[in-house]
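Notes to accompany the following structure.
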Amino acid sequence: MWFVVDVESDGPIPNKYSMVSFGAVAVTPALDRTFYGKTRPVSDEWVPEALAISGISREEHLTFDDPKGVMEKFENWIQTQNRDGRPVLVSDNNGYDAAWINYYFHYYIGRNPFGFSSRRISDIICGLEGDLRFNWKRFRRTKHDHNPINDAKGNAEALLYFLEKHKIS
């Protein structure tokens, strides 16, 4: 099963900075199975402009949940949603989203249920459309507002549209 994931952070790289929150959507026709995690800072360093994108203050971020517990809950959620084979992480920007999720899974629980690979939505859709510059983001229905659930859902909506259009299951 595919899971579209979106991450918000307070800086550009894991460990030196912290993941603020993330959202995941199981790619099903209804897009009604979601997970939302909020993790407290793991570093004293943060970039105010990066944190501001999420709309979260540093003070609020400091009250979020322990990353280990959040990642354990996320892994359990993935296992209860996944019904066929290894789960696959799909995102708009794998270099960013997958890097954060991979780091947090390995650091906090010692494994990543997604394994070591992921898929990039743009590559899938541009390949299906035969156009490396195809503007797929206009097919999101849910507004992209840096709420990670909304962003993941919008990306999943666009992905589903093109999978259905090209009759790919």
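Numbering starts at 1 and runs along the sequence shown.
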Looking at the rings of Phe105 and Trp100, which for Trp means the six-membered one, are their centres under 6.0 Å apart?
->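 That pair fails the under 6.0 Å test.
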May I ask you to check whether Phe22 and Tyr36 place their ring centers less than 6.0 Å from one another?
->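 That pair fails the under 6.0 Å test.
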Do [X] and [Y] share a hydrophobic cluster (ILVMFWY, side-chain heavy atoms under 4.5 Å, transitive)?
| X | Y | result |
| --- | --- | --- |
| Tyr107 | Ile78 | yes |
| Ile124 | Val25 | yes |
| Leu160 | Phe3 | no |
| Ile109 | Trp77 | yes |
| Phe134 | Tyr161 | yes |

Taking atom [atom1] of [X] and atom [atom2] of [Y], what is their separation to the nearest 0.5 Å?
| X | Y | atom1 | atom2 | value |
| --- | --- | --- | --- | --- |
| Phe74 | Gln79 | CZ | CD | 11.0 Å |
| Arg119 | Ile121 | CZ | CD1 | 12.5 Å |
| Arg33 | Leu31 | CZ | CG | 10.0 Å |
| Trp2 | Thr28 | CH2 | OG1 | 13.5 Å |
| Ser122 | Leu159 | OG | CG | 11.0 Å |
| Asp6 | Asn93 | CG | CG | 9.5 Å |

Is the backbone N or O of [Y] less than 3.5 Å from a side-chain atom of [X], with the two atoms forming a donor-acceptor pair by type?
| X | Y | answer |
| --- | --- | --- |
| His61 | Ser21 | no |
| Glu8 | Pro148 | no |
| Ser18 | Val20 | no |
| Asp131 | Cys126 | no |
| Thr142 | Lys153 | no |

Return yes if a side-chain donor-acceptor contact under 3.5 Å exists between Ser91 and Tyr96, otherwise no.
->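 Tyr96 and Ser91 do not have a side-chain donor-acceptor pair below 3.5 Å.
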Check whether the side chains of Ser118 and Asn94 place a donor and an acceptor atom closer than 3.5 Å, and report yes or no.
->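 Checked: Ser118/Asn94 side chains pair up, N/O donor to acceptor below 3.5 Å.
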Cation over ring, Lys68 on Tyr108, under 6.0 Å and within 45°?
->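 Cation-pi check for Lys68 and Tyr108: fails.
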Surrounding [atom1] of [X] (heavy atoms of other residues, nucleotides or ligands, distance under 6.0 Å), is the total greater than 12?
| X | atom1 | value |
| --- | --- | --- |
| Leu62 | CG | yes |
| Asp44 | CG | no |
| Lys143 | NZ | no |
| Arg133 | CZ | no |

Mutual orientation of the aromatic rings belonging to His106 and Phe116 [parallel < 30°, tilted 30-60°, perpendicular > 60°] =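 Parallel: the ring planes of His106 and Phe116 meet at under 30°.
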Do [X] and [Y] touch side chain to side chain, with heavy atoms closer than 4.5 Å?
| X | Y | answer |
| --- | --- | --- |
| Phe139 | Glu157 | no |
| Ile101 | Val7 | yes |
| Met71 | Arg111 | no |
| Asp66 | Arg40 | yes |
| His144 | His146 | yes |
| Met1 | Pro87 | no |
| Tyr104 | Asn112 | no |
| Tyr17 | Val47 | yes |

Closest approach of [X] to [Y] (non-hydrogen atoms, all atoms of both residues):
| X | Y | result |
| --- | --- | --- |
| Val4 | Ala152 | CG1-O, 3.4 Å |
| Ala24 | Val5 | CB-CG2, 4.1 Å |
| Ala99 | Pro14 | O-CG, 4.0 Å |
| Pro67 | Val42 | CG-CG1, 3.7 Å |

Check against salt bridge (charged side-chain N to carboxylate O under 4.0 Å, His left out), Arg58 and Asp10 = CA-CA 9 Å; Arg58 180 66 173 182; Asp10 67 7; 3.2 Å; yes
Partner of Phe114 by side chain to side chain contact (heavy atoms under 4.5 Å, CB included), out of Leu89, Asn102, Val90 =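 Single pass found, and it is Leu89.
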Which residues share a side chain to side chain contact (heavy atoms under 4.5 Å, CB included) with Asp92, sequence neighbours left out |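 Once residues adjacent in sequence are excluded, the partners of Asp92 under the side chain to side chain contact (heavy atoms under 4.5 Å, CB included) criterion are Trp136, Lys137, Arg140, Asn155.
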Should Ser117 and Arg86 be marked as a side chain to side chain contact (heavy atoms under 4.5 Å, CB included) after you check the CA-CA gap, both sets of side-chain angles, and the distance that decides it?
-> CA-CA 11 Å; Ser117 62; Arg86 182 178 63 82; 3.4 Å; yes
List the steps, then state whether side chain to side chain contact (heavy atoms under 4.5 Å, CB included) holds for Phe35 with Lys73.
-> CA-CA 9 Å; Phe35 184 91; Lys73 288 177 186 170; 4.1 Å; yes
